[in-house]
Amino acid sequence: MRPWPARIPGKGIMDKATDNTPRVRTRFPPSPTGALHLGGARTALFNWLFARHHGGDFVLRLEDTDRKRSKDEHVQGILAAMDWLGLDYDEGPHYQTKRLERYRQAIDQMLEHGRAYWCHCSPEELTKKREAAMAVGGKPMYDGACRDKNLGPAPGAVVRYKGPRSGSTTFKDLVKGPITFDHKELDDLIILRSDGWPTYHLAVVVDDIDMGISHVIRGDDHVNNTPRQILLYQALDAELPQFAHVPMILGPDKTKLSKRHGATAVMDYLDLGYLPEAMINALARLGWSHGDQEKFSRQELIDYFDLNSVGRSAAVFDTDRLLHLNQRYIQESDPARLAALLPPFLAARGITDYDQAVLLACLPELTPRAKTLVELADWAEPFLVDEPAMDPKAVKKFLGPERVPVLERVRALVEAKGVDHPQELEQDIKSLAGELGVKLGEVAQPVRVALTGRTFSPGIFEVMGILGDGRVMARLNRALTLASK
RNA sequence: GUCCCCAUCGUCUAGCCAGGUCCAGGACACCGGCCUUUCACGCCGGCGACACGGGUUCAAAUCCCGUUGGGGACGCCA
């Protein structure tokens, strides 16, 4: 039995007066200390899907209380990545740095109720204690030195939450089931830093309370934080949201995905020639499944997504699967859209001035062959430049003097009939091969190299049709010159 | 070290909650074949897993316990 209704109609559809079910509201709270990476993107996607599935709201919040590492360029990058993936938000972005007063007020409230206290321990002392505890094989926890000293504010002082010393906290994780932590495992965490800014734990809880978040869906690495945060909700006399912890995304070596695993930022994949829908699909299937279905449209994802189908174990991000998905999405993409996406990839190869009509015409022949936009640009190159680069190996093998007679016969055929009727041309060239007593390949390969400079390409008759009489003749002549010497 | 979590083909996973229909299904990758003017696409086939040990049961991939292995968390980062 799900703790929330299977279906909550969208905004304005249901009469609010009769709807006493709290509205589903999820959030994605990245910290702008780096680019949006795959794990974060998937967390964002799951929150987005959950909200969309239930007709609720998706809130974006930038957790920028780490004044040293937060950078505006990173918030721009994160916003761009969200946009690329099509993860639109109903609210935000909110910035924690703009809510400082509210955090201080919450901390004051806890101080007044005796649920927090000032601590004057120095970072150095704490580090020393932590190391000492580790050395003896214990869990490095704050020993509560200032807990009962009744200290007041002072330069360098911090505020700590005064947690229970006994008992335990249990929460029902929507993905993992019930999880219990003994309070003895928890120490008095800092909620206000000496620099006057709140810490993550305090800010996240206050924000989620204020923003009416109903479901906190986040990475596995936060399970340990959950009991501490639940205690904070209670210290603030607030209602608890539901928690769902999705498993980590691992690198090929099965450790937490990080920069050393290569392309881990979402936007890396834009540059690598991936389509956002392929990325979305791949991310969705990492840890979540819907029977044996592998490929999902955005709407299907929204319709089918549910936390019950999220797996409990960590998963390795498999770029081969992403690549395969990308290929399939490219195959079914509208040529016009692909043509619009291609310029940067073409430009990377020095192709900036080309015939748009030719691009559009060759795309249908190219999409079954390209797995990425980078590859697609590579396949398109011979069609878009005046004189395609000739692969030396291909020339050596197929454009020697012995090929001159064949090429001349082909040139004569093209000259006589043109390339507007590929089928007829195909028949003629097949007859030619028959007449010469050779296999079609003996004719086709030299022609292919002549036309594209490479030994592989779409069918040569298709190539001719796309190139048109003029270009075909020019390339045939060029090849003949090359073969003659 | 302590705490928490996890455990089905190389990888992503279905099946597990409601035990038998599973000598475990799909997908990616890989291998072979077909198609074929090249390269692809497509199609057909192959390889390949219930971590281990106990228990419960007529029956366990499915339930319980333990072991082992892996991951995560232990910050005035989030």
Side-chain angles (χ1 to χ4, degrees), chain A residues 29-33 63-66 68-70 119 121-123 126-127 130 133-141 156-160 173 176-177 179-182 184-187 189-195 197-201 203-204 218-227 245 247-248 250 252 254-256 282 285-295 308-309 311-325 327 331 365-371 379 394 398 426 429-430 433 439-445 447-449 452 454-461:
Chain A
S31 164
T33 51
E63 308 215 327
D64 52 356
T65 53
D66 183 340
K68 290 192 190 74
R69 298 193 300 150
S70 294
C119 168
C121 296
S122 71
L126 296 173
T127 307
R130 216 168 1 245
M134 282 271 226
V136 210
K139 197 170 184 174
M141 299 195 297
V158 300
V159 174
R160 286 180 184 273
D173 191 283
K176 296 173 181 293
I179 299 177
T180 300
F181 280 84
D182 201 301
K184 289 188 180 65
E185 298 299 329
L186 278 23
D187 61 0
L189 66 258
I190 292 173
I191 53 178
L192 181 72
R193 289 192 277 244
S194 57
D195 65 3
W197 286 92
T199 57
Y200 159 73
H201 288 287
V204 78
R218 70 219 317 194
D220 223 346
D221 47 347
H222 283 290
V223 291
N224 305 271
N225 292 334
T226 306
H245 290 95
M248 302 265 80
L250 275 22
K254 301 234 179 195
T255 59
K256 189 176 182 177
R285 276 291 283 104
L286 240 202
W288 173 81
S289 62
H290 183 70
D292 283 337
Q293 189 170 340
E294 301 285 352
K295 194 159 165 289
N308 288 336
S309 300
R312 287 156 300 281
S313 50
V316 172
F317 183 72
D318 185 2
T319 46
D320 278 333
R321 291 176 66 79
L322 206 216
L323 195 57
H324 176 255
L325 242 10
Q327 173 176 34
Q331 279 177 38
E365 292 297 329
L366 272 26
T367 50
R369 289 163 233 263
K371 289 178 159 68
W379 279 99
F398 294 110
E426 180 168 358
I429 288 187
K430 276 182 176 165
K439 285 196 270 188
L440 184 52
E442 290 298 304
V443 180
Q445 282 305 81
V447 171
R448 188 183 316 285
V449 176
T452 67
R454 344 224 268 208
T455 54
F456 51 90
S457 80
I460 54 168
F461 305 107

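Being a predicted model, the structure only gives us computed values, none of them experimental. All chains are named by letter (A, B, ...) in the order of the sequence lines, taking the proteins before the strands, and each is independently numbered beginning at 1.
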ask   = Expressed in angstrom and rounded to an integer, what is the separation of A:Asn224 atom CG from B:rG75 atom P?
value = 11 Å

inquiry  = Side chains of A:Leu250 and A:Met248, heavy atoms from C-beta outward: is any pair under 4.5 Å?
reply    = yes

ask   = How far does the C1' atom of B:rC50 sit from the matching atom of B:rC31, given to the nearest Å?
value = 25 Å

query = Per the atom types in the model, does the base of B:rG71 pair as donor or acceptor with the side chain of A:Asp220 at under 3.5 Å?
reply = no

task = Please determine, for the side chain of A:Asp221, which listed nucleotide (B:rG72, B:rC5, B:rC77) has the closest atom?
result = B:rG72

ask   = Can you tell me how far P in B:rC6 sits from the matching atom in B:rC23, rounded to whole Å?
value = 28 Å

task = Taking the side chain as every heavy atom from C-beta outward, state whether A:Pro247 and A:Ser313 have any pair of such atoms under 4.5 Å apart.
result = no

inquiry  = I'd like the P distance from B:rU62 over to B:rU56, given in whole Å.
reply    = 15 Å

ask   = Mind checking whether A:Trp197 and A:Asp66 have side chains closer than 4.5 Å, heavy atoms only?
value = no

task = Take atom C1' in B:rG19 and the same atom in B:rC43, then report the distance between them in whole Å.
result = 39 Å

key: Assigned partner base of B:rG19, Watson-Crick or wobble definition, under 3.5 Å   = none

task = Classify the ring geometry between A:Phe456 and A:Trp379 as parallel (under 30°), tilted (30 to 60°) or perpendicular (over 60°).
result = perpendicular

key: Value in whole Å for how far the P atom of B:rC77 lies from CZ of A:Arg130   = 11 Å

inquiry  = What's the gap between B:rA49 and B:rA7 when it is taken at their C1' atoms, as a whole Å value?
reply    = 12 Å

task = Indicate whether the side chain of A:Asp173 and that of A:His245 have a donor and an acceptor atom separated by less than 3.5 Å.
result = yes

task = Would you classify A:Pro458 as touching base, sugar-phosphate or nothing, given that sugar-phosphate means primed atoms plus P, OP1 and OP2, and contacts are heavy atoms under 4.0 Å?
result = base

G-U wobble or Watson-Crick pairing nucleotide for B:rG45 (cut-off 3.5 Å, both distances) = B:rC31

request  = Mind calculating the distance between CG (A:Asp187) and P (B:rG75) to the nearest angstrom?
outcome  = 7 Å

inquiry  = If I take atom CD in residue A:Glu63 and atom P in nucleotide B:rA78, what distance separates them, rounded to the nearest angstrom?
reply    = 8 Å

inquiry  = So if I take every side-chain heavy atom of A:Asp66 and compare against B:rG75, B:rU37, B:rC77, which nucleotide ends up nearest?
reply    = B:rC77

ask   = Taking the side chain of A:Thr199 as its heavy atoms from C-beta onward, which of B:rC5, B:rC76, B:rC74 lies nearest to it?
value = B:rC76

remark   = Looking only at B:rC4, B:rC76, B:rA78, the nucleotide nearest the A:Phe181 side chain is B:rC4

request  = Could you grab the distance from atom CG of A:Leu189 to atom CZ of A:Arg160, nearest 0.5 Å is fine?
outcome  = 8.5 Å

message = What contact category does A:Arg454 fall into here, base, sugar-phosphate, or nothing, at under 4.0 angstrom with non-hydrogen atoms?
response = nothing

Options B:rC77, B:rA40, B:rA73, nucleotide nearest the side-chain atoms of A:Pro368 = B:rA40

message = Can you check the distance between B:rC4 and B:rU8, where both ends of the measurement are the C1' atom (answer in whole Å)?
response = 24 Å

Listed nucleotide nearest any side-chain atom of A:Ala315, set B:rG72, B:rU13, B:rU37 = B:rU13

inquiry  = Side chain of A:Lys139, heavy atoms from C-beta onward: which of B:rU2, B:rA78, B:rU11 has the nearest atom to it?
reply    = B:rU2

Base-pairing mate for B:rG66 - Watson-Crick or G-U, with both contacts under 3.5 Å = B:rC52

task = Please report, rounded to the nearest Å, how far the P atom of B:rC28 is from the CG atom of A:Leu322.
result = 14 Å

inquiry  = So that I can tick it off, tell me whether A:Lys176 and A:Asp220 are bridged by a salt bridge, with the cut-off set at under 4.0 angstrom between side-chain N and carboxylate O.
reply    = yes

task = Give one of base, sugar-phosphate or nothing for A:Gly177, where a contact means two heavy atoms less than 4.0 Å apart.
result = nothing

key: Interatomic distance where NZ belongs to A:Lys371 and C1' belongs to B:rC39 [whole Å]   = 11 Å

message = What's A:Thr127 touching, base or sugar-phosphate or nothing? Going by heavy atoms closer than 4.0 Å.
response = nothing

Nucleotide of B:rC76, B:rU37, B:rC4 approaching A:Glu426 most closely (side-chain heavy atoms) = B:rU37

ask   = Phosphate oxygens OP1/OP2 of B:rG42: is one of them under 4.0 Å from a side-chain N or O of A:Arg369?
value = no

message = Taking any heavy-atom pair under 4.0 Å as a contact, classify A:His245: base, sugar-phosphate, or nothing.
response = nothing

task = Please tell me if the side chains of A:Pro458 and A:Arg369 come closer than 4.5 Å, counting only heavy atoms from C-beta onward.
result = yes

message = Between A:Lys184 and B:rU2, is there a contact of a side-chain N or O with OP1 or OP2 at under 4.0 Å?
response = no

message = Applying a 4.0 Å non-hydrogen cut-off, can you work out what A:Gln331 is touching in the nucleic acid: base, sugar-phosphate, or nothing?
response = sugar-phosphate

task = Return yes if some donor-acceptor pair links the side-chain N/O of A:Arg285 with the main-chain N/O of A:Trp288 below 3.5 Å, else return no.
result = yes

inquiry  = Regarding A:Thr199 and A:Arg193, do their side chains bring together a donor and an acceptor under 3.5 Å, going by distance alone?
reply    = no

request  = Give a yes or no on whether a donor-acceptor pair under 3.5 Å exists between the nucleobase atoms of B:rC6, that is its base, and the side chain of A:Ser313.
outcome  = no

inquiry  = Between A:Asp187 and A:Lys139, does the salt bridge (charged side-chain N to carboxylate O under 4.0 Å, His left out) criterion hold? Intermediate values first, please.
reply    = CA-CA 10 Å; A:Asp187 61 0; A:Lys139 197 170 184 174; over 6 Å; no

query = If you check the A:Leu286 side chain, which of B:rC41, B:rC12, B:rA78 turns out closest?
reply = B:rC12

key: Span that lies between the P atom of B:rA18 and that of B:rG45, in whole angstrom   = 37 Å

request  = Would you indicate, yes or no, if B:rA73 has its OP1 or OP2 atom less than 4.0 angstrom from a side-chain nitrogen or oxygen of A:Lys256?
outcome  = yes

query = Say you pick atom P in B:rC16 and the same atom in B:rU11; how far apart are they, in whole Å?
reply = 22 Å

message = Please classify the nucleic acid contact of A:Asp182 as base, sugar-phosphate, or nothing, using heavy-atom distances under 4.0 Å.
response = nothing

request  = Heavy atoms under 4.0 Å is the rule here; annotate nucleotides 15-27 of chain B 5' to 3' with B where the base is hit, S where only the sugar-phosphate is, and - elsewhere.
outcome  = ----------BBB

ask   = Across the strands shown, which category fits A:Thr255 at heavy-atom distances under 4.0 angstrom: base, sugar-phosphate, nothing?
value = sugar-phosphate

inquiry  = Partner lookup for B:rA73, please. Criteria are Watson-Crick or G-U wobble with both distances under 3.5 angstrom; report none if nothing qualifies.
reply    = B:rU2

query = Nearest nucleotide by nearest heavy atom, which residue falls closer to the 5' end of RNA chain B, A:Glu185 or A:Trp379?
reply = A:Glu185

ask   = For A:Val316 and A:Phe456, take the nucleotide of RNA chain B holding the closest heavy atom to each; which residue's nucleotide lies nearer the 5' end?
value = A:Val316

query = Taking atom P of B:rU38 as reference, at what distance in whole Å does atom CZ of A:Phe398 sit?
reply = 10 Å

message = Using a 4.0 Å heavy-atom cut-off, does A:Cys119 contact any base of the nucleic acid, only the sugar-phosphate backbone, or nothing at all?
response = nothing

message = Is any side-chain heavy atom of A:Glu294 closer than 4.5 Å to one of A:Leu325?
response = no

task = Please state how far atom CD1 in A:Ile191 lies from atom C1' in B:rA78, giving the value in whole angstrom units.
result = 17 Å

request  = Looking at every strand, decide which applies to A:Gln293 at a 4.0 Å heavy-atom threshold: base, sugar-phosphate, or nothing.
outcome  = nothing

